[in-house]
Amino acid sequence: MRLTLNTGYTIAAEIYSGPSVFEELTGWLDKAFTGTESVFILTDTHTRSLCLPLLLSAVPFLQKAEVLEVPAGEKSKSIETAGQLWNALLAKGASRRSLLINLGGGVVTDLGGFVASTFKRGISFIHIPTSLLGMVDAAIGGKTGINSGKVKNQVGTFHSAEAIFIYPGFLKTLDNYELVNGFAEVIKTALVGDLPLWEKLVHLNLQDLVQGGPYPGLDEIIEASVAIKCRIVEQDFRERNLREILNFGHTIGHAFESLSYQKKGKPLSHGHAVALGMICESYLSEMKTGFAAKDRDLLTSMIFPFYEYYPVLREDVGFIMDTMIHDKKRRDSCYRFTLLRGPGNAIPGITCNFSEIEDSLSFYQNIKRD
Ligand SMILES: NC(=O)c1ccc[n+]([C@@H]2O[C@H](COP(=O)([O-])OP(=O)(O)OC[C@H]3O[C@@H](n4cnc5c(N)ncnc54)[C@H](O)[C@@H]3O)[C@@H](O)[C@H]2O)c1
């Protein structure tokens, strides 16, 4: 597949995906570089050992690149890590004409995009996403960012990568938990923007995805998700209205994610939190925008065999509401949500009050699971 994402802001991103992306990358580098500019590759601890060797053997030109590494995980999306990377780029002589290649999941593409878009007022960068979530969502659309304290994505830029190269073969080393994590964004993309993709997902056996490593039809699903996201982002790069539909499940999902970081135990991953957020927000959709109960049940039955239930207690409700205040989506005493009329039909900017949100949390708390 080859797409061009025209945003009207920054540059248009060229997006390549499929088994031959490394040839496309070689061609792209040939055109973009005369050989004198320095090239940097940002990895995390896992993608350095599991993905970098494959990239370097497929694109020998990159063997001369300087490799930067951050610890794997959400904690690297911090101002401290960004500062270390700016300093490393300076120390290694990066200039305005250098290129940063972000090789990793959403943490690396968000962080690397942020560092590159701010270093010397912006240097070129490209993304090579290696997680499913990175491929279908985080690397697409030009949002970069880091977290501020415990609140996610509070600092960042809208700045598109010059190109994105999606090689689904990287998913072979991604564990099943992370595959399922990324699949939540596929489900969301279908629900907000594409009835045919939703219908395809409903008939898939996600068990095969979880048990058997990469699912045979996954490449096409990735391409469909990317195309839908591009269609939405092109119309509203800076998220003034339409792009907000991509936040379905994220308002409550982000609050669950932040809650899990406050508590002891394994924190919720982004996709798992979004999956649980979609359950609450589909309940709000049923109350406010006529989403059918049967579609809500279908969504719930897709989510629960694969995504762990995260306990939300009565005393957590205050924290969840407070977190949503920071989530850029509150107006006056109401919270703004993207809600669904039906699968593939989303409406941004629907306001819900405190008690409606509480009802959706009670629905979640009382849900019956097999
Ligand atoms: N910018 C956006 O539009 C956008 C959209 C959605 C999510 N995000 C952000 O993305 C982040 C989550 O992304 P993620 O789920 O990819 O997390 P991640 O980057 O932490 O990757 C998850 C784990 O998988 C490992 N990994 C990645 N690729 C691998 C591979 N091929 N083989 C083995 N291990 C691999 C990573 O090292 C990490 O341990 C969050 O910070 C979220 O806020 C951004």
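Keep in mind that what you see is a predicted model, and the values were worked out from it rather than measured. Both ligands and their constituent atoms are indexed starting at 1 by order of listing.
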- Note on the structure: Under 4.0 Å from one or more heavy atoms of Lys229, ligand 1 contributes atoms 3 (O)
- Among all protein non-hydrogen atoms, which one is nearest to atom 40 (C) of ligand 1, and what is the separation to 0.1 Å? Glu74 OE1, 3.3 Å
- Do the non-hydrogen side-chain atoms of Leu299 and Ile187 ever get within less than 4.5 Å of each other? yes
- Query: Does any N or O atom in Lys77 lie less than 3.5 angstrom from one in ligand 1, N or O only?
  - Reply: yes
- Note on the structure: Numbered in order shown, the ligand 1 atoms found under 4.0 Å of a heavy atom of Thr47 are 27 (C), 28 (N)
- Query: Against heavy atoms of Lys152, which atoms of ligand 1 measure under 4.0 Å?
  - Reply: 40 (C), 41 (O), 42 (C), 43 (O)
- Query: Quick one: which ligand 1 atoms are inside 4.0 Å of a heavy atom on Gly105?
  - Reply: 16 (O), 19 (O)
- Query: For atom 34 (N) of ligand 1, which protein heavy atom lies nearest, and how many Å away is it?
  - Reply: Leu174 CD1, 3.8 Å
- Query: Among protein heavy atoms, which lies nearest atom 1 (N) of ligand 1, and at what distance?
  - Reply: Asp110 OD1, 2.8 Å
- Item | Polar contact flag for Ser131 and ligand 1 (N/O pairs, less than 3.5 Å) | yes
- Query: Between His250 and His254, how do the two ring planes meet: parallel, tilted or perpendicular, split at 30° and 60°?
  - Reply: perpendicular
- Message: Return the closest protein heavy atom for atom 4 (C) of ligand 1 as residue, atom name and distance.
- Response: Ala138 CA, 3.4 Å
- Message: Can you tell whether the side chains of Glu244 and Arg336 come within less than 4.0 Å, N to carboxylate O?
- Response: yes
- Task: Specify side chain, backbone, both or neither for Asn153, according to which of its non-hydrogen atoms lie closer than 4.0 Å to ligand 1.
- Result: side chain
- Query: Closer than 4.0 angstrom: is that true for some heavy atom of Cys51 and an atom of ligand 1?
  - Reply: yes
- Item | atom 25 (C) of ligand 1 [closest protein heavy-atom partner, distance rounded to 0.1 Å] | His46 ND1, 4.0 Å
- Of all heavy-atom pairs linking Ile303 and Ala275, the shortest is CD1-O, 3.2 Å
- Item | Ring center gap for Tyr364 and Phe256 short of 6.0 angstrom | yes
- Note on the structure: among protein heavy atoms, the one nearest atom 6 (C) of ligand 1 is Asp137 OD2, 3.3 Å
- Item | Heavy-atom closest contact (Thr47 atom, Gly104 atom, distance) | CG2-CA, 3.6 Å
- Residue, atom name and distance, where the atom is the protein heavy atom closest to atom 28 (N) of ligand 1: Thr130 OG1, 2.7 Å
- Message: Looking at every non-hydrogen atom in both residues, tell me the closest pair between Gly141 and Phe237 and how far apart they are.
- Response: O-CE1, 3.0 Å
- Query: Under the side chain to side chain donor-acceptor pair (under 3.5 Å) criterion, do His270 and Glu74 qualify, and how do the steps go?
  - Reply: CA-CA 9 Å; His270 179 79; Glu74 187 70 26; over 6 Å; no
- Item | Test of proximity, Gly106 against ligand 1: N or O pairs below 3.5 Å | yes
- Candidates Thr173, Leu103, Asn247; heavy atom nearest atom 32 (N) of ligand 1 found on Thr173
- Message: Within ligand 1, which atoms have a heavy atom of Lys143 less than 4.0 Å away?
- Response: 1 (N), 3 (O)
- Query: Going by the angle between their ring planes, with limits at 30° and 60°, are Tyr309 and Phe304 parallel, tilted or perpendicular?
  - Reply: tilted
- Message: Testing the basics here: between Phe114 and Ser117, what is the closest heavy-atom pair and its distance to 0.1 Å?
- Response: O-OG, 3.2 Å
- Any Lys/Arg nitrogen of Glu239 or Lys143 sitting under 4.0 Å from an Asp/Glu carboxylate oxygen of the other? yes
- Find all atoms of ligand 1 within a distance of less than 4.0 Å from any non-hydrogen atom belonging to Asp44, and give their numbers and elements. 36 (C), 37 (O)
- Task: Kindly give the heavy-atom pair with the smallest separation between Glu24 and Phe165, and that separation in Å.
- Result: C-CE2, 3.9 Å
- Query: Numbering the atoms of ligand 1 from 1, which are under 4.0 Å from a heavy atom of Asn181?
  - Reply: 15 (O)
- Answer with yes or no whether the side chains of Ser131 and Glu178 bring together a donor and an acceptor at under 3.5 Å. no
- Item | Shortest protein contact, atom 20 (O) of ligand 1 (heavy atom only) | Val107 CG2, 3.3 Å
- Query: Which atoms of ligand 1 sit under 4.0 Å from any heavy atom of Ala72?
  - Reply: 37 (O), 39 (O)
- Message: So, 4.0 Å and heavy atoms of Met135: is ligand 1 close enough to count as a contact?
- Response: no
- Query: Under 6.0 Å from the six-membered ring centre of Phe337 and within 45° of its axis: does the NZ or CZ of Lys288 meet both?
  - Reply: no
